[in-house]
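What follows is one structure encoded as structure tokens, with my remarks underneath.
Whatever order the structure lists them in is the order used to number ligands and atoms, beginning at 1. Note that the structure is a prediction, hence the values are computed from the model and not measured.
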Amino acid sequence: MIKFLDLQKINAQYADELKSATARVIDSGWYLQGNELVTFEKHLAEYIGVKHAIGVANGLDALRLILKAYMAMGVMQEGDEVIVPANTYIATILAISDNRLKPVLVEPDMNTYNLDISLVEKHITPRTKAILVVHLYGRVCWSEELEGIAQKHNLKIIEDNAQAIGAEYTPRSPKGGVNIPQSDAINSPIRGLGGFRTGSLGDAAGFSFYPGKNLGALGDAGAVTTNDDLLAEIVRALGNYGSKQKYVHKYQGLNSRMDEMQAAILDVKLRYLDVENQHRCEIAQYYCENIKNINIILPLITYHLSLITNNVFHLFVIRCSERDRLQKYLTDNGVQTLIHYPIPPHKQGAYKSLNNLSFPITEQIHNEVLSLPISPIMEKNELEFICKLLNNYML
Ligand SMILES: *Cc1c(COP(=O)(O)O)cnc(C)c1O
């Protein structure tokens, strides 16, 4: 059987380094808030091209803490609105409602599955305080138009970068800021063509290092990145009981910290991220060139200097009007696939007040999408097999 994602095989590539990193942590006798975290935060900040990276417990907390910090700063208040794509993973929306802010769902673009930026402005009200963009499936969601809208209405832009670590946005016209050079030690020669990495585009970004993400820990972990000194300081305090100084509590915080073990593991895996993302792009390109079935809609691929840089293909998502039948056909032939996601947030029991809203594009996406296997360790013969199966499939 071809697995959707073989985590054992992915991590086995780095077994020696991972084992020596975990042994170092065990032997150190220091398991939280130590040097491993400091080192990983420094490397992550350099990799993304931002001033601050703060390790937290998971991706949901990363987003929760950003919003909580903005509330502590007085930028947002209970009941304020946050614009968010209607087809995101539910965690994005939980982060908003958990802070007693109001998620304002906006339809995605059918070609990119990302927030339709042209629809944003008409959803802005006097209570709108932020746009929470999601780089869904690994594809960058950003444009100069988006920057312009945020500036005009004085909104924060927060990135949910759980699925797109390593992806780059290349502006059409040069941005005002300087392009921070990415660390030579970490950056492979393949990627890094002078774009700006997701996680450095907005005012703040949340990352997930859930094991199945492109940069996966061996457990839960997440991070916040930002260039805002005050926000960074407050997020750090909020994740540690609202305390900057032991036993002095300025805020009503959470306990949301990245432990030393995960930090040490992630610091090893970060070095291989660009190579793994490059493999994902090559697999995606192979699929797009070799799947030839008019019943299957492939993801849109765009190139910058002949490389795919705006997408790290966390998922390779196709669409088919008879999705469930196609999935069964692949399962019966030994190919494991998943659906991201089968039920949109506004149809979930957790959000009864949203159940009556109608988002036709979002609903169509949830009815038609199917994610093919795309782990960086896939073999050519597996890809050939999957493409052949898909080409032989008839509605
Ligand atoms: C995975 C994910 C999250 C949540 O991350 P966790 O580490 O699982 O809490 C948030 N948003 C998106 C888009 C995700 O894919």
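For ligand 1, the atoms sitting less than 4.0 Å from at least one non-hydrogen atom of Ala162 are 2 (C), 3 (C), 10 (C), 11 (N), 12 (C), 14 (C), 15 (O), numbered in the order shown with element in parentheses.
With distances taken over non-hydrogen atoms, the option nearest atom 11 (N) of ligand 1 out of Leu315, Asp61, Asp160 is Asp160. Of the candidates Pro211, Gly216, Ser208, Ala223, Ser208 brings a heavy atom nearest to atom 7 (O) of ligand 1.
In terms of polar-atom proximity, Tyr89 is not counted as a contact of ligand 1, lacking any N or O under 3.5 Å from an N or O of the ligand. Taking only nitrogen or oxygen atoms, main chain and side chain alike, Gly59 reaches within less than 3.5 Å of ligand 1. Residue Leu60 has at least one nitrogen or oxygen atom sitting less than 3.5 Å from a nitrogen or oxygen atom of ligand 1, judged on distance alone.
Applying side chain to side chain contact (heavy atoms under 4.5 Å, CB included) to Val133 and the options Ile157, Leu201, Asn161 leaves one that passes, Ile157. If you run side chain to side chain contact (heavy atoms under 4.5 Å, CB included) between Glu368 and each of Glu322, Glu363, Arg319, only Arg319 comes through.
Taking the six-membered ring for Trp and the full ring otherwise, Tyr272 and Tyr14 have centroids separated by under 6.0 Å.
Not a single ring-ring contact (aromatic ring centres under 6.0 Å, His included) links Phe207 to another residue, sequence neighbours left out. Applying the side chain to side chain contact (heavy atoms under 4.5 Å, CB included) criterion to Asp229, with sequence neighbours excluded, gives Lys51, His52.
Protein heavy atom closest to atom 10 (C) of ligand 1, with residue, atom name and distance, is Ala91 CB, 3.5 Å. Nearest protein heavy-atom contact of atom 15 (O) of ligand 1 is Gln163 NE2, 2.8 Å.
A salt bridge between Lys152 and Glu121 is present, with a side-chain N of the basic residue lying under 4.0 Å from a carboxylate O of the acidic one.
Checked by atom type and distance alone, the side chain of Ser375 never pairs as donor or acceptor with a backbone atom of Ile377 at under 3.5 Å.
Note on ligand 1: Lys213 sits in its first shell, one or more heavy atoms being nearer than 4.0 Å.
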